[in-house]
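First comes the structure, then the notes that go with it.
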Amino acid sequence: MSTADAPVATLTPIEARLELERLASAIARHDHAYHVLAQPVISDAEYDALVRRNAAIEARFPEFVRPDSPSRRIGAAPAEGFRKVRHAVPMLSLDNAFTDEDVREFASRLRRFLGLAADEPVAMVAEPKIDGLSIALRYENGRFVQGATRGDGTEGEDVTANLRTLADLPRTIVGAPRVLEVRGEVYMTKADFLALNARQESAGDRVFANPRNAAAGSLRQLDPRVTATRPLSLFAYALGEVSEPVADSHWHFLDHLRQWGFKVNPLAKLCPDADAVLAFYHQIGNDRAGLAYDIDGVVYKVDRFDWQARLGTKDRSPRWAIAHKFPAEQARTRLKAIHISVGRTGVLTPWAELEPVNVGGVVVSRATLHNEDDIRRKDIRAGDTVVIQRAGDVIPQVVGPVSDQPRGRGEYSIRAALTPPGGDHPVCPACGSHAARAENEAVWRCTGGLVCPAQAKERLIHFASRDAFDIEGLGEKNIEFLWDKEYIRQPADIFRLGEENRVRLQKLENFEGWGKRSVEKLFAAIDARRTVPLERLIYALGIRQVGEATAKRLARHYVSFCHWREAMEAAAAGDDEAYRDLTSIEDIGPSVAADLLAFFAEEHNTTALDKLVAQLRRIDDARAAHTGGSPIAGRAVVFTGTLATMTRQEAKARAEALGAKVVGSVSRKTDYVVAGTDPGSKATEAQKLGVPILTEQQWLDLVKG
DNA sequence: GAGCCTCGAGTTCC
DNA sequence: CTCGAGGCTC
């Protein structure tokens, strides 16, 4: 018995709801079969019929539209259309070098870290840096099973179906490890880009600003059939997760890639030393315009894999590679005026209003000027003709005025700009509070703090932002609106929005741009965040100098909200022990501690915090830093004497990678002292305190196990 | 006391 | 992404 063919007009509400449920799951199944498995089980026409019927029923029974409705998914922004994929091995970014000198420093850093002699060369592979999108391609048992974008490096988007449409992508490979993740760059050639744009234009579709945007836009199509019509190319150049070693050097690895059927950039070159990579760089720089594709520099990688492993990675980039960038593309334009904006912490940032100008395919109309010193150093004035470039090809910067054009009138003074006509001191442009530049700081600040509306608004934007409370639909624009209509003044108000709206005469849903649906969706999104992990709550408060990393450390140290809060209030009230406990946390020194305590010393803040907490359902305790499987995780280690198999710097990096904390001096809290030859006083001290002393070999055995 | 490394804050465009 | 500043090491 099925209602699937019944005219929509005859459906009862119960039937409608059941069928919407059935359609949602059927369409999701077909989507999976089509996009992920690439084995559709019904025809496109049949699929379209299901989608149309779903839409028709929703139109008649809007109250039954499901949160997972196919209509929402299809109309949704592409970012919501792809499944998230966690990278087994993070996709790191690269440090940049801009000058030959930077590259030589890189080479000597490598030698220092590896403990090589100053004249010992480090062979590197140099490859053009393609201006496209990084992707990760996963093969299991020789079959391509998943492709993902880089995303933030930890988590990307599943674009498997789209990648399958690329001619350069091998579907199967022979003789590869059971699990093999190849990394590469998806790009569009200059010729393909021009042809595509011509096609787009004659079809009345949007044209792309540059090949990179065209490649990105094409790969992020929700419909792989569209991607299939786009001329995308692929170069492979790196290794991700792998079930067994495949090579002993990068150069040999590139050979494997070719044998497996990947395109490898034919210009890649094995260079014996820094001089050779620099020669390569300048050669490529000269040939750049003649290449079929855009490049923005050259990448150098230490060739030997064993050295790469020893060098390891630091925060977000490997120590064994660097990107040598070409000079950024520049443009000149007129700087119309200098304005000043107010940040969340009261920082007053000057920014330039520009005559819109195309820089590397993107029209730029404003650029930050950072601070007073920067403006003075470059002598930038309103009315100047200036050179603009995009740093790292993203954020526009003002390089400086050009000399062959008439200069703007008078040197710029931020003090004068902040001082109102007839006034005698600088004030915040948003609230009129005193503005000042602290003795040893580069920025001017509004001293209005809690009374400055601009700061309050910025704090709310921060509160709701992705890394804080992550309230969907509550971005800058809506917060601005809700602030102006006096719906919200502090974080707690966000959670009272529903109640507030009920008592208002003019309801939110009656304002332009706020349908009933979008208001309900917003309230639901807010409600979903009444449970929050402690670290997010701490970060969301916007305490100066407390960003994501510090918030996480605080959460892990104090574990529960009550614990944390009591400790902060105690320390703010002068409790010495609480203060010492706080500053014992890594990276929290007197300065960060002072800002934390200043927050808790202010009654305004604690009251606002109380009100917020009253609105929340639960604050989840932090998980104590997971100690992993490593035997030295969480242990404090001291190295002393000369080590035979590694440099001190390397020993430290490796110990830290395994979760240990490497400290400089021996105390009762030290877990191990590792003594090389000629150990100094640290070993004696360890003996006195009864701290275990390991030889280098014992240490290596411990780490291995 | 200098230098390295990380973190925080502010920011542009689509 | 970049700059400035804090924390920590040598």
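Excluded from the calculations below are hydrogen atoms, water molecules and symmetry mates; all remaining heavy atoms, backbone and side chain alike, are included. Bear in mind that the values here come from a model prediction, so they are computed numbers and not experimental data. Order of the sequence lines sets the chain letters (A, B, ...), proteins ahead of strands, with each chain counted from 1.
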May I ask you to say what A/V443 touches in the nucleic acid, namely base, sugar-phosphate or nothing, with a heavy-atom cut-off under 4.0 Å?
nothing

Distance in angstrom units between A/R150 CZ and C/dC1 P, rounded
8 Å

Between P of C/dG4 and CD of A/E441, the distance in whole Å
12 Å

Base, sugar-phosphate or nothing for A/R553? Non-hydrogen atoms, less than 4.0 Å.
sugar-phosphate

Closest nucleotide among B/dG10, B/dC13, C/dG7 to the A/T345 side chain:
B/dG10

Between A/F113 and A/W320 (judged by ring centroids, cut-off 6.0 Å), do the two rings come close enough to count as a pair?
no

Among B/dC13, C/dG7, B/dT11, find the nucleotide with the atom closest to the side chain of A/S591.
C/dG7

Do A/F463 and A/L474 touch side chain to side chain, with heavy atoms closer than 4.5 Å?
no

Base, sugar-phosphate alone, or nothing: which one does A/N371 contact when heavy atoms must sit under 4.0 Å apart?
sugar-phosphate

Atom OH in A/Y539, atom NE2 in A/H462: separation rounded to 0.5 Å?
4.5 Å

Does A/T349 place a side-chain N or O at less than 4.0 Å from the phosphate oxygens OP1/OP2 of B/dT11?
yes

Atom CD1 of A/I388 to atom P of B/dT12: distance rounded to whole Å?
12 Å

Tell me which nucleotide among C/dG6, B/dG10, C/dG4 gets nearest to the side chain of A/V592.
C/dG6

To the nearest Å, give me how far apart CG (A/D587) and P (C/dA5) are.
17 Å

Which residue lies toward the 5' end of DNA chain B, A/V363 or A/G346, if each is placed at its nearest nucleotide?
A/G346

Is it true that A/D102 and A/K325 have a side-chain N and a carboxylate O under 4.0 angstrom from each other?
no

Hey, does the side chain of A/S365 come within less than 4.0 Å of B/dT12's phosphate (OP1/OP2), counting only N and O?
no

Specify the separation, in whole Å, of atom CD of A/Q397 and atom C1' of B/dT11.
11 Å

Measure CD/A/Q545 against C1'/B/dG8 and give the value in whole Å, please.
8 Å

Separation of A/D95 atom CG from B/dC5 atom C1', in whole Å?
11 Å

In whole angstrom, give the distance that lies between atom CG of A/D595 and atom P of C/dG6.
9 Å

Between A/R344 and B/dA9, does any side-chain N or O lie under 4.0 Å from OP1 or OP2?
yes

Just one of A/R544, A/E441, A/R445, A/Q455 clears the side-chain contact (heavy atoms from CB on, under 4.5 Å) bar with A/V347, so which one?
A/R445

Output yes when at least one side-chain N/O atom of A/T550 is less than 4.0 Å from OP1 or OP2 of B/dG8, else no.
yes

